[in-house]
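For ligands, and for the atoms within them, numbers begin at 1 and follow the listed sequence.
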Amino acid sequence: MLTISFGRIPNSGPNIFEKMQVQRVVLNSRPGENGVPVPENFRLEDTTLVPDLKDGEVLVRTLYLSVDPYMRCRMNEDSGAEYLASWQLSECLDGGGVGVVQTSCCSTFTGGDVVTSFNWPWQTQAIVKGNALQKVDPQLVDGHLSYFLGAVGLTGLTALLGIREKGHVTKGANQTMVVSGAAGACGSLAGQIGRLDGCVRVVGICGSDEKCQTLKDDLGFSAAINYRREDVSARLKESCPDGVDVYFDNVGGPISDAVIAQMNHGSHVVLCGQISQYNKDVPYPPPLSAPTEELLQSRGITRERFVVLSYMSKAEAALCELSQWIKSGQIKVLETVVNGIENIGGAFCSMMAGGNIGKQIVKI
Ligand SMILES: NC(=O)C1=CN([C@@H]2O[C@H](COP(=O)(O)OP(=O)(O)OC[C@H]3O[C@@H](n4cnc5c(N)ncnc54)[C@H](OP(=O)(O)O)[C@@H]3O)[C@@H](O)[C@H]2O)C=CC1
Ligand SMILES: CCCCCC(=O)/C=C/[C@H]1[C@H](O)CC(=O)[C@@H]1CCCCCCC(=O)O
């Protein structure tokens with residue numbers, strides 16, 4: 001049955017079958033496995049959409065899109081991860097998105113519903129299968145719908161479940177946590193959650209003085225290190241006098257070698273991501289240097305793969321916890337918002353190069 005809503009979001013429903021002009025973003029070219037992505041790898045197109053929904057389909061209007069580091073792997077002909085599909089040239093791209101249902105031919109949705117998906121088309125309006133959508137409650141985010149792509153979405157889950165599943169944080173154990181990529185979407189949350197879960201010292205590593213200031217002044221990090229300007233090893237020694245017990249690793253490479261060198265016996269790495277290696281033709285996770293591998297062995301440091309999608313049975317409870325922390329002000333949410341679907345390629349490239357503080361969002 002086709003449900004047309006005129007009620008909850010004003011003027012949200014188009015006339016049935018009337019052709020609609022929409023914009024979408026396709027992959028224009030690949031950066032090459034060892035290349036840095038550029039905005040020209042993406043192309044904006046005008047196209048038409050006929051909203052003649054089939055059974056189970058939903059017409060949605062896009063409100064926010066997410067750009068994420070793993071998308072760099074999707075830009076390659078072979079993503080390198082079996083359950084991560086490569087993007088195809090000249091095809092509409094997709095990723096995390098949030099929007100509103102305009103018309104629905106799916107019994108679980110009705111006009112005005114706010115919905116999200118991991119495979120949202122990079123298109124201003126789109127027809128999607130209802131089974132690819134999840135309905136979300138705007139009250140969870142006090143109306144900040146973009147949070148469903150960040151702090152109350154996969155990013156928040158990654159930080160919270162990464163720490164809970166792999167971090168072994170224990171209240172009263174006097175632990176020190178180090179976070180790399182600390183001013184980014186996952187990192188800025190991971191540091192705050194580490195503190196809430198019981199770490200007595202949380203040290204962030206990131207790429208600018210402004211980011212360091214934000215971590216210390218706004219997010220309650222004990223210390224922050226600018227890896228572009230400072231001697232990471234020396235500053236870690238100074239700011240982690242009892243060594244490192246938990247390392248939330250977003251970046252890999254030489255920064256992680258420096259942190260692991262100062263980790264205690266029986267400590268834990270949360271292997272969240274390795275962004276410093278994504279513009280290189282290496283498998284995921286990339287191989288460690290021999291000295292770092294030896295340190296892990298000799299000190300009994302755990303470093304297990306963590307992929308948030310493997311823990312979705314714990315998502316509902318974790319999202320409620322994140323929502324409560326945000327509402328109570330115990331967690332602060334940072335976002336960098338770019339306007340317009342035409343700027344999504346630029347927003348992705350900027351995020352990959354460190355242009356964001358907190359979650360990089362594209363507002364449509
Ligand atoms: N395991 C999982 O399930 C998931 C893992 N991830 C991973 O988490 C990590 C963070 O993702 P997310 O929070 O979305 O992105 P961020 O918001 O952290 O953005 C990426 C940041 O990475 C930093 N960066 C880029 N290049 C380098 C480099 N060469 N060395 C050090 N830092 C660099 C930049 O900050 P700066 O200015 O500090 O350089 C940039 O802002 C990624 O590795 C991602 O793959 C994300 C989601 C799920
Ligand atoms: C391929 C490198 C990605 C590394 C980690 C990462 O960023 C994961 C992101 C997930 C995101 O939250 C939603 C997804 O679909 C991503 C999962 C992608 C699969 C990564 C495979 C990693 C592995 O094999 O361990």
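- L84 CD1, 3.7 Å is the protein heavy atom nearest to atom 18 (C) of ligand 2.
- By the 6.0 Å contact criterion, NZ on K129 is open, its count of non-hydrogen atoms from other residues, nucleotides or ligands being 12 or less.
- With a 4.0 Å cut-off on non-hydrogen atoms, T158 does not touch ligand 2 at all.
- For Q134, the CD atom is densely surrounded, since the number of other residues' heavy atoms within 6.0 Å is greater than 12.
- Listed by atom number, the atoms of ligand 1 under 4.0 Å from V307 heavy atoms are 1 (N), 3 (O).
- Annotation: F306 places an N or O atom under 3.5 Å from an N or O atom of ligand 1; distance criterion only.
- For atom 10 (C) of ligand 1, the closest non-hydrogen atom of the protein is N250 OD1, 3.7 Å.
- The side-chain heavy atoms of V38 and P31, taken from C-beta on, include no pair separated by under 4.5 Å.
- Each of the atoms 25 (C), 26 (N) of ligand 1 lies under 4.0 Å from some heavy atom of M352.
- When only non-hydrogen protein atoms are considered, atom 14 (C) of ligand 2 lies nearest to L309 CD1, 3.6 Å.
- Taking the six-membered ring where the residue is Trp, W87 and W122 present perpendicular rings, their angle passing 60° and hence far from 30°.
- Nearest to atom 10 (C) of ligand 2 among the protein's heavy atoms is Y70 CD2, 4.2 Å.
- Below 4.0 Å from some heavy atom of C73 lie the following atoms of ligand 2, by number and element: 1 (C), 2 (C).
- V128 places none of its side-chain heavy atoms less than 4.5 Å from the side chain of E57.
- Residue, atom and distance of the protein heavy atom nearest to atom 18 (O) of ligand 1 are G184 CA, 3.3 Å.
- The distance criterion of under 3.5 Å between nitrogen or oxygen atoms is not met by Y70 with respect to ligand 1.
- Looking only at protein heavy atoms, the nearest one to atom 37 (O) of ligand 1 is K211 NZ, 2.5 Å.
- Within the structure, the closest approach of G358 to ligand 1 falls below 4.0 Å when heavy atoms are considered.
- Under the 4.0 angstrom criterion for non-hydrogen atoms, R305 is not in contact with ligand 1.
- In terms of polar-atom proximity, V251 is not counted as a contact of ligand 1, lacking any N or O under 3.5 Å from an N or O of the ligand.
- Of all atoms in ligand 2, numbered sequentially from 1 with element shown, those under 4.0 Å from a heavy atom of V308 are 12 (O).
- Ranking the protein heavy atoms by distance from atom 22 (C) of ligand 2 puts Y284 CD2, 3.5 Å first.
- For a threshold of 3.5 Å applied to N or O pairs, the pair formed by S208 and ligand 1 contains no separation below that value.
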For this session: Evaluate the side chain to side chain contact (heavy atoms under 4.5 Å, CB included) criterion for residues E210 and I357: first the C-alpha distance (whole Å), next the side-chain angles of each, then the deciding distance (0.1 Å), finally the verdict.
Result: CA-CA 9 Å; E210 183 199 356; I357 298 194; 3.9 Å; yes

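- Look at F118 and you'll find every heavy atom at least 4.0 Å from all atoms of ligand 2.
- When only interatomic distances are considered, the shortest N/O to N/O separation between S276 and ligand 1 does not fall below 3.5 Å.
- Contact atoms of ligand 1 toward I255: 31 (C) (distance under 4.0 Å to a heavy atom of the residue).
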Problem set entry | salt bridge (Lys or Arg N to Asp or Glu O under 4.0 Å) between K332 and D218, intermediate numbers included | CA-CA 8 Å; K332 293 213 176 95; D218 302 336; 6.0 Å; no

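- Distances below 4.0 Å separate heavy atoms of Y278 from the following atoms of ligand 2: 3 (C), 4 (C), 5 (C).
- Scanning the protein heavy atoms around atom 11 (O) of ligand 1, the nearest turns out to be P69 CG, 3.5 Å.
- A salt bridge is absent between R74 and D68; no separation between the charged side-chain nitrogens and carboxylate oxygens falls under 4.0 Å.
- Regarding atom 3 (O) of ligand 1, its nearest protein heavy-atom neighbour is V308 N, 2.7 Å.
- Taking every heavy atom of C206 and a limit of under 4.0 angstrom, the matching atoms of ligand 1 come to 38 (O).
- Counting atoms of ligand 1 from 1 in the listed order, those under 4.0 Å from a heavy atom of G207 are 36 (P), 37 (O), 38 (O).
- Contact atoms of ligand 1 toward G273: 7 (C), 43 (O) (distance under 4.0 Å to a heavy atom of the residue).
- Nearest to atom 19 (C) of ligand 2 among the protein's heavy atoms is Y83 CE1, 3.5 Å.
- Per-residue contacts place A81 under 4.0 angstrom from the following atoms of ligand 2 (heavy atoms of the residue considered): 21 (C).
- For the pair S79 and ligand 2, no heavy-atom separation below 4.0 Å is found.
- Looking at atom 31 (C) of ligand 1, its nearest protein heavy atom turns out to be Y227 OH, 3.4 Å.
- Atom numbering of ligand 2 starts at 1 in the shown order; those under 4.0 Å from a heavy atom of C272 are 5 (C).
- For C186, a nitrogen or oxygen atom sits less than 3.5 Å from a nitrogen or oxygen atom of ligand 1, counting backbone and side chain alike.
- Checking only distances, L309 never comes within under 3.5 Å of ligand 1, N or O to N or O.
- Distances below 4.0 Å separate heavy atoms of L154 from the following atoms of ligand 2: 12 (O), 13 (C).
- Protein heavy atom in closest approach to atom 41 (O) of ligand 1: N356 OD1, 2.6 Å.
- Protein heavy atom nearest atom 23 (C) of ligand 2, with residue, atom name and distance: R305 NH2, 3.0 Å.
- Using a 30° and 60° split on the angle between ring planes, F306 and Y311 fall in the parallel class, below 30°.
- Not a single heavy atom of Q360 sits less than 4.0 Å from an atom of ligand 1.
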Exercise. So S323 and Y147, side chain to side chain donor-acceptor pair (under 3.5 Å) or not? Walk me through it.
Worked result: CA-CA 10 Å; S323 163; Y147 288 8; over 6 Å; no

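- Considering only non-hydrogen protein atoms, atom 23 (C) of ligand 1 sits nearest to I275 CG2, 4.2 Å.
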